[in-house]
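Report on the following structure.
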Amino acid sequence: MNKVRLDHAHLHHLLRQMIRIRQFEAKCVELYQAQKILGFLHLYDGEEAVSVGVMEALRPEDAIVATYREHGQAIARGIGMDRLMAEMLGKLEGTCRGRGGSMHIFDRATRFYGGNAIVGGGLPLAVGIALGDKMQGRAAITASFFGDGAVEEGEFHESMNLASLWHLPLLFVCENNLYAMGMALERAEAETELVRKAAGYRMAGAAVDGMDVVAVEVAARAAADRIRGGEGPQFLECRTYRLRAHSMYDAQLYRTKEEVEAWRKKGPIVRFYGWLLDNGLIHDEEMRAIEAEADAEIEAAVAFAEAGSLEPVAELERFVTMDRVPA
Amino acid sequence: MTAITYREACRQGLREALIRDPRVFLMGEDIGRYGGCYAVTKGLLDEFGEERIRDTPLSESAYVGAGIGAALAGMRPIVEIMTVNFSLLALDQIVNNAATIPHMSGGQFAIPLVLRIATGGGRRVAAQHSHSLEGWYAHIPGLKVLAPAVVEDARFMLAAALADPNPVLIFEHVMLYNIEAELDPAVSEVDIERAKVRREGDDVSLFGYGNGLVKALAAAEILAAEGIAAEVVDLRVLRPLDTATILKSVAKTRRVVIVDEGWKSGSLSAEIGMRIAEEGFFDLDAPLRRVCGAEVPMPYAPHLEDAALPQPQKIAAAARDLARPPKGSQ
């Protein structure tokens, strides 16, 4: 059994990962307000424990399919902040040469297959990646991240069925943040216990407190172990909350300030940091050091991105069709 | 030489692909145990097994998306969509994923996927089974769209499509599965870059694809009997269009009839006509003409369906008007 290490180094690593994501996005907000980042910007604030915890259960050979709210997955997976920030700024040095932007981060080296702006649209892709790996005898699993909104889509149900029917090495990670844009879960789903959807496809499912990074890691490792052990696809519902607007502009008429504040108090970073403090596993100055380290990394990433170049317009149509399959 | 059907040609192409490349596998509804809705895949399950001939549930979006994912993971999937009408249930995957990921990822990923889709009208199956939506797909950058109209193309386009690193949609017209022709043993490949002149002529150019090509050839026979030599060009590659071959024929005959089973408004025929207007205007001696599907949901009753589809007599009449304008019209 692939147990979670609760040693000092690992716990600090989890905290550092969440802080890197949180601060990276805080910088993105600044750059958005300065109109250096354009278009849509969907922030992961409040949900960091999910991608950080799940990513701990994955190996380099595994594949990831994410959503348009994927900065957290990208950072936790190990994609460099410099290339991420360059992508945000639409620069040639970005992960996708400035063609994808915030919602479409792709990275071949880490098997990161996007960034998908169609709710549920990544799920069938994940089925196929898992199928392709399995047919080629690779010992890899695919983790597909999606939100509660995707559960409303037919593609979710088709994909759950196909993955189970074909016994694919696929981890379904539902980031249930209770709202599909402004649509509250209980107004959209007849069955709000999303983990119960798995049973309809004879798939093992578990629900976990998505605000607790250790709990997410434990659950993700258990699910990944079962997949690697040949038990077929697994469904993991991570119950979490989006503390900011859906995208940058959102009057949030669909929820109260009190509700958001209540969730903020149980946010994944404040809660984990508090637990570490209570248990004597961190000092305040260590926390300040982690924050300073993340800030320095982000400043370097911004400098890299700002110094980046623009793809020549002559290259506009390049890669619309490919002249070879990249090796 | 013995004649084979278009269906058998498709089947031989699939079989060869499965033998040649272990990364190739088939997915689709009823392609295995049932043998394929149009019997194209009959026998392949017995020969290649369930791992490579995958019957899917009726989940077009999931299995087309799975084809895209498997292609991303290094396989060479061939996905069959039973009819073009059902492809609408997978439109998200085709348009939002297959067509975008190579460009959107900055060239990090290619999607070497082949989609085989049955298309077209004429089988008395009414409005929801008779669409010709090739033109919609040909609108989408990132896709390649092929329409084999002859047995040779049905046999060899698949290999060329599989060798292409892009998502390639092959539209097989349902009225063509039973046509027969002999294959030239000297031919072992076709190119999927160029349109092809199927009949030479000097008086008028007839452009068509799929079953429209067959009807254009029949129209050329009618015209020949009247002393009008029609040139018939098989468009066969609907995206990217081979504009050069089109313009060459226009320069030769100076008169154009475009045959398209799709609805006229916003159709492939409109695109071809406009390209001729943009790049071949001064080669024209007469206005452009189109014979398209009537703008109706396809009716069931045979006389109505026949009236809704391009027919050789209509094509011949349009060409005749151009080649020998009625007196008083000039």
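All chains are named by letter (A, B, ...) in the order of the sequence lines, taking the proteins before the strands, and each is independently numbered beginning at 1.
Heavy atoms of A:F112 lying under 4.5 Å from chain B belong exclusively to its backbone. Interface residue B:P112: only side-chain heavy atoms are found under 4.5 Å from chain A. The contact between B:R76 and chain A is made entirely by side chain atoms (from C-beta outward), counting heavy-atom distances below 4.5 Å. Of the atoms belonging to A:R324, it is backbone heavy atoms, and not side-chain ones, that fall under 4.5 Å from chain B. In this structure, chain B has no heavy atom under 4.5 Å from any part of A:L92. Looking at A:D107, the atoms closer than 4.5 Å to chain B (heavy atoms on both sides) sit in the backbone and in the side chain alike.
Ranked by non-hydrogen atom pairs under 4.5 Å with chain B, the options A:R97, A:E311, A:H157, A:E317 are led by A:R97. If you tally non-hydrogen atom pairs under 4.5 Å between each of A:T142, A:T95, A:N161 and chain B, the highest count goes to A:T95. Of the residues considered (A:V65, A:D323, A:I118), A:I118 shows the highest number of contacts with chain B, using heavy-atom pairs under 4.5 Å. Taking chain A as the reference chain and counting heavy-atom pairs below 4.5 Å, the highest number among B:P77, B:P102, B:P22, B:A71 is found for B:P102. The candidate with the highest count of non-hydrogen atom pairs below 4.5 Å against chain B, out of A:I105, A:L168, A:L131, A:V127, is A:L131. The residue among B:I101, B:T100, B:L89, B:V64 with the most heavy atom pairs within less than 4.5 Å of chain A is B:I101. Top candidate by heavy-atom pairs under 4.5 Å with chain A, chosen from B:R54, B:M27, B:R52, B:E51, is B:R54.
Counting non-hydrogen atoms of other residues, nucleotides and ligands closer than 6.0 Å to CD of B:E189 gives a total of 12 or fewer.
Looking only at atom types and distance, the side chain of A:E158 has no donor-acceptor partner in the side chain of B:S61 under 3.5 Å away. For B:Y209 and B:D260, the side-chain atoms include at least one donor-acceptor pair closer than 3.5 Å. A donor-acceptor contact closer than 3.5 angstrom links the side chains of A:E175 and A:Y44.
Salt bridge status for B:D164 with B:K144: present, with a side-chain N to carboxylate O gap under 4.0 Å. The residues B:R236 and B:D234 are annotated as not salt-bridged, no charged nitrogen and carboxylate oxygen being separated by less than 4.0 angstrom. The existence of a salt bridge linking A:R318 and A:E315 is confirmed by a sub-4.0 Å separation between a basic side-chain nitrogen and an acidic carboxylate oxygen.
The distance between the ring centers of B:F171 and B:Y137 falls below 6.0 angstrom. The ring of A:H246 has its center no closer than 6.0 angstrom to the ring center of A:F40.
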